[in-house]
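Following: one structure in structure tokens, then a few remarks.
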Amino acid sequence: MTKLKIKNNEVAFYAMGGLGEIGKNMYCVQFQDEIIVIDCGVLFPEDELLGVDYVIQNYDYLIENKDKIKGIFITHGHEDHIGGLPFFLQKVNAPIYAGPFAMSLIKGKLEEKHLLRNAELHEINEFDEVHFKKLWVSFFRTTHSIPDTLGVAVHTPQGTIVQTGDFKFDLTPVGNLPGPNLQQMAKLGDDGVLLLTSDSTNAERPEFTKSERWVDIHIRRIFERIKGRIIFASFASNVYRLREASDAAIAQGRKIAVFGRSMENAITAGQELGYLNIPKDSLIDQNEINNYPPEKVLIMCTGSQGEPMAALSRIANGTHRQITIQPEDTVVFSSNPIPGNTTSVNALINKLEESGANVIHGYVNNIHTSGHGGQVDEEFMLRLMKPKFFAPVHGEYRMQKIHTKLAEMTGVPKENSFVLANGDVLALTKDSCRVADHIDSVSDVYIDGRDAGDTVGNPEIRERRLLSEEGVVTAIAVVDLKDYQIVAGPDIVSRGFVYMHESQELIKAANHEVFWAILNTFKNHKNIDQRVLNRTIISRLQKLLYDRTGRRPVIIPMVTILNGNNRSENQHYRRPNNKNNQTHKNERQNNHSHRNSQQHSKKKNSKEKQPVATGNTK
């Protein structure tokens, strides 16, 4: 079992994910034999991670120490904070503590993965406390772009460690929902915060993030001037935004149709918990849209990030079963592209415009505000908490660096701030803080499928990237090792490398190269097997193709071996004499056919069986 290199009286803070990146959040507080885990998220892959569905943490350290884990405490229900739970629970069945809305989303995830029956779930609120033998946990209400967001305070024998979760200070939330509990935060600060770990996402923005109320006003104004059908795209989890859109539509007498599974789940959860107030007669079935005039319809759908299989992309492409773009349609994007999605979102907007829709999007139309606090919010949090030590989290390195400067401006000594990386272990006492260790096993795990075991590694990713950039060449042949004959082939098949009908000369040269690669293997190796043949073919074909094209495609030999187990130890290809060597050399230079090679071999008067090439080099 891996043990941290810290003293027995020290409290450890470390991140399994969420540092130097936006996503994959998972933070841990450990004291002796107790571990508190905060959040368990995923990171959505960049374009170069071909075929990867999710990026999660390497859980090896926590699996080795699973008996120490007292619970997983969830700050809120976004994917980068709860998306990893189904994968983690397949390895460690730890208790989960979450607020009402996050718990509703978690139940749906676990049920889909058939994990709900065995899960230990505890719904919490801002005033609850959870006590263990040596550690205890309390909470404080924050505001974000999703309901029921909580900060987490872990109380240890050395002091309190606070993780803010994602937050901004929205003092005027929509729908008279509760705002951030400043009193709770101030009390934590007055009682003493040993370490503050705080959201750094918007550390580059010198602003106080606008309230959702500001967006609500502009959505109402936009809806009032739209005469045709409205298609409203947003994050499904942003229930505040869904409330603003539904309230504005109901005020105009519009009927609401919902598309996209995650959007349907969010609407259901929001209705059940009271965050949405959509009368039953205002919700219509997807097939009833055409029963109402366009000016009386609001379509709420997923796909604001340009996801190819989401409802909005299928609408734009004309592949949606119920909806096609009409000339008077207005599509409202009430979100901004997350990093990596800008190109796909712009392509989707262009496609919608080409189809005749009017598209409203971006900050310029005042229909989106961030759920993360800017510099003023971050400074306000630092002032309330008054931490002795500070470690910025949830952000890329430059964001973390700026956040430490803000901490210094609010009274945290420069030497008391730590810009950590995933796996770094911060060891704390009441009066000290140091980077004491690093968990080497912390790394990215690529999920290509539905379960924790459906992983791919860096070699597979490199191969996929190479395939996408250079293509693949397959060399096919059948050889008989009893008589050392090429029975069939070799044949060359190119996919994504060169167009075969326009590259006959190159294909012919490649065929010839594989033919001689096999013959040379017969000559130079006593014990011939699949690996020897494949290695020789790859080596020679790679050199030829690179010399001719300057490219290195993936080469896949497909050599079928006949009578591989029937040959004797002494039955191998004997090196021909110098005269024969020269003859072979001349044949190769003159590019003779395989038939001529066969005839040449038959003329040899050797007692030992010689190989005969019966294929053709094309």
Check your understanding: More than 12 foreign heavy atoms under 6.0 Å from CD of E111: is that the case here?
Key ->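 Incorrect, the count does not exceed 12.
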
Exercise for review: Return yes when atom CZ of R261 has more than 12 non-hydrogen atoms of other residues, nucleotides or ligands closer than 6.0 Å, and no otherwise.
Suggested key: no

Exercise for review: Give the intermediate values and the outcome of side-chain hydrogen bond (donor to acceptor under 3.5 Å, both in side chains) for residues S200 and Q400.
Suggested key: CA-CA 6 Å; S200 306; Q400 294 175 265; over 6 Å; no

Counting C-beta onward and ignoring hydrogens, is there a side-chain heavy-atom pair between [X] and [Y] closer than 4.5 Å?
| X | Y | answer |
| --- | --- | --- |
| L19 | Y27 | yes |
| P392 | M399 | no |
| Q30 | V425 | no |
| F88 | I72 | yes |
| L105 | I146 | yes |
| F333 | I349 | yes |
| N350 | V359 | no |

Study note, to complete from the structure: Test side-chain contact (heavy atoms from CB on, under 4.5 Å), reference T197, set L426, I38, V393, output is V393

Check your understanding: Between N25, I22, I56, V55, which is the residue that forms a side-chain contact (heavy atoms from CB on, under 4.5 Å) with L43?
Key -> V55

Drop me the distance from [X]'s [atom1] to [Y]'s [atom2], to the nearest 0.5 angstrom.
| X | Y | atom1 | atom2 | result |
| --- | --- | --- | --- | --- |
| H368 | S145 | NE2 | OG | 7.5 Å |
| T343 | L348 | OG1 | CG | 12.5 Å |
| D491 | I476 | CG | CD1 | 6.0 Å |
| I325 | N358 | CD1 | CG | 11.0 Å |
| F418 | D424 | CZ | CG | 11.0 Å |
| I360 | I231 | CD1 | CD1 | 12.0 Å |

Exercise for review: Compute whether any side-chain donor of one residue and acceptor of the other, for E21 and N422, lie under 3.5 angstrom apart.
Suggested key: yes

Point to revise | S335 side chain to N238 side chain, donor-acceptor N/O pair below 3.5 angstrom | key: no

Check your understanding: Hey, is R548 close enough to E513 for a salt bridge, meaning N to O under 4.0 Å?
Key ->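 No salt bridge links R548 with E513.
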
When you measure from the side chain of [X] to the backbone of [Y], do you find a donor-acceptor pair of N or O atoms at a distance under 3.5 Å?
| X | Y | result |
| --- | --- | --- |
| D437 | K5 | yes |
| H320 | Q322 | yes |
| S355 | K351 | yes |
| D39 | G41 | no |
| T404 | K401 | yes |

[X] and [Y]: which non-hydrogen atoms are nearest, and at how many Å?
| X | Y | value |
| --- | --- | --- |
| A12 | I6 | CB-CD1, 3.8 Å |
| A316 | L352 | CB-CD2, 3.6 Å |
| L541 | A475 | CD2-CB, 4.3 Å |
| D199 | G165 | CB-O, 3.4 Å |
| G77 | I82 | O-CD1, 3.3 Å |
| D80 | G23 | CB-CA, 3.7 Å |

Exercise for review: Before giving the answer on side chain to side chain contact (heavy atoms under 4.5 Å, CB included), spell out for M26 and K24 the whole-Å C-alpha distance, their side-chain angles and the decisive distance to 0.1 Å.
Suggested key: CA-CA 6 Å; M26 193 176 197; K24 200 156 58 69; over 6 Å; no

Review point. Does the pair V442 and Q57 meet the rule for a side chain to side chain contact (heavy atoms under 4.5 Å, CB included), with working shown?
Key: CA-CA 7 Å; V442 171; Q57 306 84 347; over 6 Å; no

Practice item. Begin with the C-alpha distance, continue with both residues' side-chain angles, and end with the deciding distance and a verdict on side-chain hydrogen bond (donor to acceptor under 3.5 Å, both in side chains) for N58 and S441. Key: CA-CA 7 Å; N58 184 319; S441 64; 4.6 Å; no

Practice item. Apply the ring pair (Phe, Tyr, Trp, His ring centres under 6.0 Å) test between H372 and each candidate in H76, H78, H403, H144; give the one that qualifies. Key: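 So the option named by the test is H144.
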
Exercise for review: Apply the test side chain to side chain contact (heavy atoms under 4.5 Å, CB included) to residues K109 and L85: give CA-CA distance (whole Å), side-chain angles for both, the deciding distance (0.1 Å), then the verdict.
Suggested key: CA-CA 8 Å; K109 285 183 171 298; L85 283 172; 6.0 Å; no

Exercise for review: Please work out which of the three classes, parallel, tilted or perpendicular, describes the rings of H81 and H394, given edges at 30° and 60°.
Suggested key: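 Ring orientation, 0 to 90° scale: parallel.
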
Exercise for review: Please test S304 against L312 for side chain to side chain contact (heavy atoms under 4.5 Å, CB included), starting from the C-alpha separation and ending with a verdict.
Suggested key: CA-CA 7 Å; S304 64; L312 188 58; 5.8 Å; no

